[in-house]
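Count residues from 1 along the sequence. Bear in mind that the values here come from a model prediction, so they are computed numbers and not experimental data. For ligands, and for the atoms within them, numbers begin at 1 and follow the listed sequence.
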Amino acid sequence: MKNIILLGATGSIGESCLNVIRQNKKEFNLLGIGLGSNLDKAHKIAQEFEPEHIFIGEPDLDNSHQLFRRYPRILNSENELQQLIQDSNVDIVVSAISGFAGLKASYFAIDAGKTILVANKESIVAAGDILIPLAEAKNSKIIPVDSEHNAIHQCLPSYRNLDEIAKIIITASGGPFKDKTFKELAEVSLQDALKHPTWSMGTKITIDSATLVNKCLELIEAHHLFQIPESKIEIVLHPQSIIHSMVTFIDGSTMAQMSNPNMEVPIANALGLGRRLPINFEPIHFSGLNFSFEPIPEGRGVIFEIAREVCNQGGNLGVIFNAANEVAVESFINKDINFADIYRVIERTFNSFPCSKLNNLDDVFEYDKQARIQAEKVIKSIS
Ligand code: NAD
Ligand code: MG
């Protein structure tokens, strides 16, 4: 029986993770959950799974104490969360908080030498230069949950001889606007952007998928997780979202991982820690199925050039890229800027910072703060 701390339990990944745990009750004990502010949903989860610890990241204390009177420990400070993660009973931490807010949780788990299932790609993008060496030093095992990275993880032999990899091919659905010209993107609405053709996900990642910035984040995430240069990572559109990514080896073989688009599949793989866990899934019906592949739509190239520069130069550039995107996406959701402006905000914010080395986590938070201020300035200048 493995003890799990699930951070981001009330979100889309949290829900899929709970479904996998529910189907494998003998294997897992949900020792703790973490969430931002959705107390009603947390209450339901707590009633069903009876976790001993509940971390509330955006606490409304009166309310939360009332709701969780029955539970022995409500945690509402980062220190308490860190202590819980350090507990020797904790076997697995699932990092599924959305956005940069998830960085501390990822850091605590890696620093404590735990096995961490990373859905929160933003923490790897912003702080990969700190987190990956830390994982090595603390013997923390990072297992990717993001479907593309979990696919790559499944395609790679366990010994991970990087010299044998010719290239990694990350697939992208293309999102709802793949056939639109860059000019047409200025006119699309928030509602349109939230209609993802193949995946059902949280709001922020759904907008990232529509802009294709999600693929940029995933390129940087793959570069860090698999310690592979960006020149060996190709991105290709695959609108059916059945092949989640591929690895081509130096002998000409290409391995692909496939499933219908459902996050329970990569989550089950990650939670299995090398074993296959049974889950209910809709099998792929191959007869009559057409796979197609396309290049990245025209006009989005600049954003990928920036992402590749982040991989090549490293340091603070991942923090800047991530922060600029988070501020731009929030402004688009609040209707302060149009959809195409998201690209402008990222590009102009990114170009305002020279590359510098990250020495520690404090540096990450400092650059994040500065980039957010700069992104707000850019937004004021264009709105
Ligand atoms: P979501 O918006 O549905 O859920 C986010 C979760 O984080 C919620 O439980 C929320 O309460 C919690 N949260 C937010 N702010 C918090 C804070 N300050 N402290 C503690 N908890 C906080 O998001 P999601 O779609 O589940 O995505 C979660 C992460 O997984 C993101 O980083 C996303 O990029 C990544 N991811 C998601 C999917 C997907 O299919 N949804 C796929 C791949 C990767
Ligand atoms: Mg993904």
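Of the possible polar contacts, one joining the N338 side chain to the D341 backbone as a donor-acceptor pair under 3.5 Å is found. Checking side-chain atoms of D146 against main-chain N and O of E148 turns up no donor-acceptor pair under 3.5 Å.
Residue M263 touches ligand 1 through its side chain alone, judged by heavy-atom distances below 4.0 Å. At a 4.0 Å heavy-atom cut-off, ligand 1 does not touch K204 at all.
For atom 3 (O) of ligand 1, the closest heavy atom belonging to the protein is S12 N, 2.9 Å. Protein heavy atom closest to atom 34 (O) of ligand 1, with residue, atom name and distance, is K121 CE, 3.3 Å. Of the protein's non-hydrogen atoms, G202 N, 2.8 Å is the one closest to atom 25 (O) of ligand 1. Summary of contacts: the protein heavy atom closest to atom 23 (O) of ligand 1 is S98 CB, 3.8 Å. Of all protein heavy atoms, the one lying nearest to atom 36 (N) of ligand 1 is I205 CD1, 3.6 Å. Among all non-hydrogen protein atoms, the one lying nearest atom 28 (C) of ligand 1 is A96 O, 3.4 Å. Closest to atom 15 (N) of ligand 1 among all protein heavy atoms lies E58 OE2, 3.7 Å.
A cation-pi geometry, defined here as NZ or CZ lying under 6.0 Å from the six-membered ring centre and within 45° of its normal, does not hold between R348 and Y343.
Residues in residues 227-282 take part in these ring-ring contact (aromatic ring centres under 6.0 Å, His included) pairs, two or more places apart or across chains: W199-H244, H238-F291, H238-F293. Within the structure, the salt bridge (Lys or Arg N to Asp or Glu O under 4.0 Å) test picks out the following pairs touching residues 89-117 (sequence neighbours left out): E78-K104, D111-K138. Listed by first and then second residue, the side chain to side chain donor-acceptor pair (under 3.5 Å) pairs that reach into residues 265-276 are E27-R275, N150-N269, Q154-R276, sequence neighbours excluded.
Here the protein contributes D146 OD1, E148 OE1, E218 OE2 as N, O or S atoms under 2.8 Å from the Mg ion (ligand 2).
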May I have the step-by-step check of side chain to side chain contact (heavy atoms under 4.5 Å, CB included) for I284 and M258, ending in yes or no? CA-CA 8 Å; I284 303 167; M258 295 180 231; 3.7 Å; yes

Does F100 form a ring-ring contact (aromatic ring centres under 6.0 Å, His included) with F365? I'd like the steps, not just the answer. CA-CA 9 Å; F100 188 77; F365 281 91; 5.2 Å; yes

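Heavy atoms of other residues, nucleotides or ligands lying less than 6.0 angstrom from CG of D251 number more than 12. More than 12 non-hydrogen atoms from other residues, nucleotides or ligands lie less than 6.0 angstrom from CD of E366. When the shell of 6.0 Å around NZ of K41 is examined, it contains more than 12 heavy atoms from other residues, nucleotides or ligands.
The shell of residues lying under 4.0 angstrom from ligand 1, judged by heavy atoms, excludes G102. Ligand 1 does not have N38 within reach: every non-hydrogen atom of the residue lies 4.0 Å or more from it.
In the candidate list P261, A9, G57, G57 is nearest to atom 19 (N) of ligand 1, counting heavy atoms. Checking I97, L39, I13 against atom 31 (C) of ligand 1, the nearest heavy atom belongs to I97. Comparing heavy-atom distances from atom 21 (N) of ligand 1 across V94, L35, L6, I33 singles out L35 as nearest. The option from G36, C17, G8 that lies nearest to atom 22 (C) of ligand 1, judged by heavy atoms, is G36. With atom 30 (O) of ligand 1 as the reference point, the heavy atom nearest to it among A105, G99, A119 is part of A119.
Only one option out of R308, K215, K167 pairs with E234 in a salt bridge (charged side-chain N to carboxylate O under 4.0 Å, His left out); it is K167.
Proximity to E122 (heavy-atom distance under 4.0 Å) selects the following atoms of ligand 1: 31 (C), 32 (O), 34 (O). Atom numbering of ligand 1 starts at 1 in the shown order; those under 4.0 Å from a heavy atom of T10 are 8 (C), 9 (O), 10 (C), 11 (O).
Ring orientation note: the planes of F226 and H149 are close to parallel, at an angle under 30° on the 30°/60° scale.
With a 4.5 Å cut-off on side-chain heavy atoms, P144 and V118 do not count as touching. Residues L190 and F339 form no side-chain contact, since every pair of their non-hydrogen atoms from C-beta on lies 4.5 Å or further apart.
Inclusion of G11 in the set of residues having an N or O under 3.5 Å from an N or O of ligand 1 is warranted. Residue-to-ligand polar distances keep D146 apart from ligand 1: every N/O pair is separated by 3.5 Å or more.
The pair R344-E347 does not meet the salt-bridge criterion, since no charged nitrogen lies less than 4.0 angstrom from a carboxylate oxygen.
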